[in-house]
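Proteins come first, then strands; the chains are lettered A, B, ... in the order of their sequence lines, and each starts at number 1. Only this structure's heavy atoms are used, side chains among them; waters, hydrogens and symmetry mates stay out.
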Amino acid sequence: MQEYNPKEIESKWQKYWEEKKTYKTPENATHDNKMYILPQLPYPSGSGLHVGHAEVYTACDIYARYQRMLGKKVLQVIGWDSFGLPAENYAIKTNIHPQESTEKAIDTFREQIKSLGISVDWEREVGSHNPDYYKWTQWFFLLFYKRGLAYRKKQSVNWCDSCKTVLANEQVEDGKCERCSTVVEQRDMEQWYLKITEYADRLLKDLDKVDWPEETVKRQKDWIGRSEGAMVEFKIQNSKFKISVFTTRPDTLFGATYMVLAPEHELVQDFKNKIENWEEVEEYISQTKLKTDLDRQTEKEKTGVELKGIKAINPVNNEEIPVWIADYVLSSYGTGAIMAVPAHDERDWEFAKKYGLPIKQVVARQIGDRKEEGYCRPGAYGIIQKDNKVFVLFDKEHGYYRLPGGGFDKEDKTPEEALKRELAEETGFVNYEIGEHFTKLEACSYTGDGEAYQHRMLHAYYVKLIDETRNKDLLEEHKDWDYHWMTYDEAVDAFDSNPQEIGEIDLIALAMDKQTPCFTGEGVSVNSDFLDELITNDAKEKMIAWLEENKLGERKVQYKLRDWSVSRQRFWGAPIPMLYDEKGELHPVPENDLPVLLPNDVDFKPTGESPLNYSKDFNAGVEEKYGRGWKREPDTLDTFMCSSWYYYRYLDPHNDKEFASPESLKTWMPVDFYLGGPEHVNGHLLYSRFFTKVLFDEGLVGFDEPFLKHRHQGLILGEDNRKMSKRWGNVINPTDIVNEFGADTARMYEMFMGPLEDDKPWDMNGVKGIRRFLEKIWKLQDKVQADAESDSKLLHKTIKKVTEDIEKMHFNTAISAMMELVNEWQKADKISKEDFAIFVKLLSPFAPHMAEELWSELGSGSTITFETWPEYDESLIQDDMITLVVQINGKVRANLEVSADISESEAKDKALEEDNVKKWLEGKQPKKVIYVKGKLVSIVV
RNA sequence: GCCCGAGUGGCGGAAUUGGUAGACGCGCACGACUCAAAAUCGUGUUCCUUCGGGAGUGAGAGUUCGAUUCUCUCCUCGGGCACCA
């Protein structure tokens, strides 16, 4: 037998696969037997393939090869995200055209990926910088335009002065450009936007449909940032103007003591004539404009200016309140204006403290240790009703405010006084102002009766019953209560109790009804956060209803998500297919005229204006074709536009009539498995979902989520445990590993390092270990004999383990299992040929070149690619003899070799007869003997 | 500040409907082969130990016959968001 020579066999098989078109996408695929595996689209950087890329492609490839052996028709393609800034920046530096440097980089990438033996269909390769690709990127833009989802607006944008380009929010890191680390400034510019906000609710809701990492779903949800609340209108005194604000806490409206507008708010300009201190205001506005996002973030102290001469009216109590502008209010969220409730909002509180604005508390409960004067975290509170009637207050201990049991102190003449004193004593709010809202406090009566207190105005009655039948009487007794049923788990969550405790309780009421005193379950304390939420939500609902009834406001759902800015004043991207006529009116480029080609005569030096403006070729013939004075839109599209739909192009890459044919869409979509980095969660992944939903609404696809199952790869760190970087000199080039150890070793090592999704450091010795393992397998060939019989038990256990682990993407443990088998076989004299062939199949997704070679040595004339994946024999993986552990008081004192079908009593008897057990029992009688089938006997003395 | 996630030998990591913690690999030690080294093979390898055992999965408590796994508190590290009203 020859020595294991990976170089030789790897190039041999790579050539074979290429010649035989082994990995060409099957043409007879149907929706039921297809398997679409998608490794994320790489940016072909000049520095070549990274070990992180290799990890993604190998993991996808293992899965793809496994699926082929299960009989699936697999689609696996690789393409290039080949437009973008780095190539253009490189061009500026070196004067090498991006087209040239990009294509060179692609050639390198392609060769490197091929050298890893990744089984992709190279006939379907696409590159987003090719006109036959970006034609369709432009087509997508027109689709958005047609559906009213693309628009231009002037807005303050993130501007990187070094890249001379606009950056999306996710391209800004810590206020700096993610590419060049220049501090990002704000500039007012007219830009193209896509109305992704119109899809915010669906993008949020449909996350329930996908199988993605939990954290990823959560991050995307947070990014979309839905909050529920109300729009409330505040009139401006002596004027026709109104200011709308969004609030999530309408229940604190009574505490709104001033308003704040973002400096950019348009009403500020409308008030110009009325504002007495206009100069000061104007100065503040221009200062704000100069500030970068970074400045705004790092500034600790809030600033602002009052609009003197302007007063707003709080709609719930008609109080006159001042109006300010301040840059802590964002113009881009909600209406760009807020009602400030300093008593219950930390930011408003800070601001009010600084400028001496009134702080009026309308929520009584103080939470935590923040005893600073006047501040109270939003929590339980008093609520208003129609005629300013109010109330219920809550205390620290019980979650509701409790007046002194049995009445009030002698000094207290009225309930209000008692309340005021209590508040001061228990919360430390010296300046608490009870005010007129509480003058009708007679509505809140109370009876002191041990644990039970009554607050008649409270309407939240929450009751838990463990056993309905058992509590029939209680139910009957309280039939006028509002019941809220909870599951067992909810109850455990809701109360600071352990499950056992909950189990023993019949009924828990958190609050009380109009007539009946409060009822708390015995031995149960109430979780204050839970109560807060309960009470606050109840109050919010009531307040919103009241606002709507009185036409002062309405229910509103607000999102953090902003529209997607897609224009770039750069050269190396897809031109935006729009035209301006002689009046400056917009017109889409007719579909037949696509693609709008990127010209070659461009000076790509950044000026801050779009380079395409100065291209003769680009503008040539426009007037002749479209009309006098017509001009092309000179901006190019954000590269995220290119990568938002590439997985569709793979389906039908040479189609020049459609982005993909309806048949191909029907057959292959959605993607079955998508592997990509966690950095794309709020960019690429969100945009791709948006694209798909628009296609769905246009009736072009029959599904509205593109990626069913999605996972992230972890970061591969350098041997020094730091992120790989030229700066640290710790970069590992996968091609060096392939050259020195072979592709199979490189692939297997990357998979063996640890769980796919974890960050893990590189270890050269680990690579050698994998190479040793492959050598061991190679040498097993000597022992393979056609007529040999071998014990197949371990083999079948291995089949089971490897199969299950591939399904779960636990490649590291799948490899461990194969190692265990090989270690056993190494000790044997002979190995049955049949068994070895099965093992080679298990190995083939991981080390395809070696597997092909071993497979052909076993006598096959063709590739192992389409052989059937082995199944394990259930009967063979059952052990006849098992080891029973005997524990005495939790400590292992003996091991019993017993037959697997031993009965409970037999096992217990046998355990007690053991010498060592007898010794440890010291003649004592066991109190209890526990038997766990197939595992252990536990003896308690 | 808020929200997640994770802490297991010298290292990467295994093991969860609660059931012998440390699979597999690396490293290390010893042995075989060799004049020698490398490579390879074999044996051992959580720590302490008076060799009977004892301790041990970030710390502390709790539930249990039994906890890396469940509950609570705290610590450390990593990630995300960051004036979102």
Side-chain angles (χ1 to χ4, degrees), chain A residues 174 213-216 218-223 225-227 229 245-249 252 256 260 293 296-297 299-300 302 326-330 332-341 344-348 350-351 378 492 496-500 558-562 678-679 681-682 715 717 719 721 749 752-755 757-770 772-773 775-776 779 801 810 812-820 822-823 826-827 883-895 919 926-941:
Chain A
D174 283 335
E214 230 177 282
E215 216 192 318
T216 304
K218 203 190 158 294
R219 272 178 61 191
Q220 209 167 85
K221 280 186 178 166
D222 288 351
W223 187 260
R226 181 191 149 98
S227 36
V245 299
F246 172 72
T247 174
T248 55
R249 290 297 305 276
T252 63
V260 190
D293 261 10
R296 277 207 193 186
Q297 268 172 37
E299 243 162 56
K300 277 159 253 139
K302 298 201 182 338
D327 66 6
Y328 83 91
V329 173
L330 305 174
S332 52
Y333 183 75
T335 60
I338 62 159
M339 66 179 209
V341 185
H344 307 295
D345 181 283
E346 195 154 1
R347 298 152 302 179
D348 297 344
E350 272 174 40
F351 193 77
V492 172
D496 282 331
S497 305
N498 61 38
Q500 289 91 330
Q558 194 59 243
Y559 297 91
K560 276 196 223 173
L561 187 69
R562 311 286 154 88
E679 68 276 17
V681 169
N682 293 324
L715 205 60
L717 306 169
E719 291 200 273
N721 240 308
Y749 174 67
F752 186 63
M753 290 170 81
E757 64 279 9
D758 286 7
D759 295 348
K760 52 233 164 215
W762 191 270
D763 174 16
M764 245 348 154
N765 284 318
V767 179
K768 290 179 193 158
I770 291 291
R772 259 197 291 272
F773 169 59
E775 304 257 10
K776 280 187 202 175
K779 286 180 188 137
K801 177 79 178 150
H810 292 180
N812 55 330
T813 48
I815 294 170
S816 298
M818 288 190 278
M819 285 174 168
E820 284 179 73
V822 169
N823 286 346
Q826 219 181 353
K827 291 178 203 154
T883 308
L884 270 190
V885 172
V886 185
Q887 292 182 344
I888 297 173
N889 288 342
K891 296 223 182 303
V892 180
R893 297 302 181 192
N895 288 309
K919 190 181 124 200
K927 279 191 200 133
K928 207 168 165 188
V929 181
I930 295 149
Y931 174 67
V932 182
K933 195 172 182 305
K935 302 266 182 186
L936 57 73
V937 178
S938 184
I939 300 163
V940 189
V941 288

- Message: Rounding to an integer number of Å, can you tell me how far Y328(A) OH sits from A85(B) C1'?
- Response: 8 Å
- Message: Heavy-atom nearest nucleotide on RNA chain B for G890(A) versus G225(A): which residue maps closer to 5'?
- Response: G890(A)
- Item | Value in whole Å for how far the C1' atom of U40(B) lies from CD of E775(A) | 10 Å
- Query: If we take the C1' atom in both A32(B) and A39(B), what is their distance in whole Å?
  - Reply: 14 Å
- Message: With the 90 degree cut-off around zero defining syn, does G54(B) come out syn or anti?
- Response: anti
- Go along nucleotides 2-27 of chain B 5' to 3' and tag each nucleotide: B for a protein heavy atom under 4.0 Å from its base, S when only backbone or sugar atoms are that close, - otherwise. -SS-------BSS----BB--BBSSS
- C1'-based separation of G66(B) from C81(B) [nearest Å]: 42 Å
- G19(B) versus C72(B) - spacing of their C1' atoms, nearest Å: 24 Å
- Query: How many Å lie between NZ on K928(A) and P on G66(B), as a whole number?
  - Reply: 9 Å
- Query: How many angstroms lie between atom CE of M819(A) and atom NZ of K776(A), to the nearest 0.5 angstrom?
  - Reply: 7.5 Å
- Message: Between A23(B) and U16(B), how far apart are the two P atoms, rounded to whole Å?
- Response: 15 Å
- Query: With Y749(A), which residues qualify under ring-ring contact (aromatic ring centres under 6.0 Å, His included), at least two apart?
  - Reply: W762(A)
- Task: Work out which heavy atom in D222(A) is nearest to a heavy atom in K560(A); give both atom names and the distance.
- Result: O-NZ, 3.8 Å
- May I have the distance from K827(A) (atom NZ) to G42(B) (atom P), rounded to whole angstrom? 8 Å
- Side chain Q887(A), main chain L936(A), donor-acceptor under 3.5 Å: no
- Using the P atoms only, state how far G58(B) lies from G12(B), rounded to an integer number of Å. 14 Å
- N889(A) CG - G66(B) C1' separation (whole Å): 10 Å
- Item | Heavy-atom closest contact (N889(A) atom, V940(A) atom, distance) | OD1-CA, 3.5 Å
- Message: Is any side-chain heavy atom of V937(A) closer than 4.5 Å to one of V885(A)?
- Response: no
- Item | Results of salt bridge (Lys or Arg N to Asp or Glu O under 4.0 Å) for R772(A) - residues two or more places apart only | none
- Any N or O donor-acceptor pair linking the side chain of K302(A) to the base of C83(B) at under 3.5 Å? yes
- Message: Do V681(A) and Q220(A) have side chains that approach each other closer than 4.5 Å (heavy atoms only, starting at C-beta)?
- Response: yes
- Contact string for nucleotides 48-58 of chain B, one letter per nucleotide 5' to 3', B = base within protein heavy-atom range under 4.0 Å, S = sugar-phosphate only, - = neither, reads -----SSS---
- Query: For the side chain of S227(A), counting heavy atoms from C-beta on, which of G42(B), C83(B), A85(B) is nearest?
  - Reply: A85(B)
- Please check if the side chain of K760(A) supplies one atom and the backbone of P755(A) the other of a donor-acceptor pair under 3.5 Å. yes
- Message: Measuring only the C1' atom in each nucleotide, how far is C24(B) from U8(B)? A whole number of Å is fine.
- Response: 16 Å
- Message: Need the glycosidic conformation of G10(B): syn if within 90° of 0, anti if not. Which one?
- Response: anti
- Within the side chain of R249(A), is there an N or O that forms a donor-acceptor pair under 3.5 Å with the backbone of D345(A)? no
- Note on the structure: With both pairing distances under 3.5 angstrom for Watson-Crick or G-U wobble, and | for a partner in another strand, the correct string for RNA chain B is (((((((..(((......[....)))((((((.......))))))(((....)))..(((((..]....))))))))))))....
- Task: To the nearest 0.5 Å, tell me how far M753(A) CE sits from L717(A) CG.
- Result: 8.0 Å
- Item | Interatomic distance at P, G22(B) relative to C83(B), whole Å | 50 Å
- Item | Side chains of E757(A) and P213(A) in contact at under 4.5 Å (non-hydrogen atoms) | no
- Calculate the interatomic distance between E350(A) atom CD and C83(B) atom C1'; express it in whole Å. 9 Å
- Query: In whole Å, what separates the C1' atom of A67(B) from that of U17(B)?
  - Reply: 15 Å
- Message: Rounded to whole Å, how long is the line connecting atom CD of Q826(A) with atom C1' of G42(B)?
- Response: 11 Å
- Residues passing the side-chain contact (heavy atoms from CB on, under 4.5 Å) test with S227(A), sequence neighbours excluded, are F246(A), T248(A), Y333(A), Q558(A)
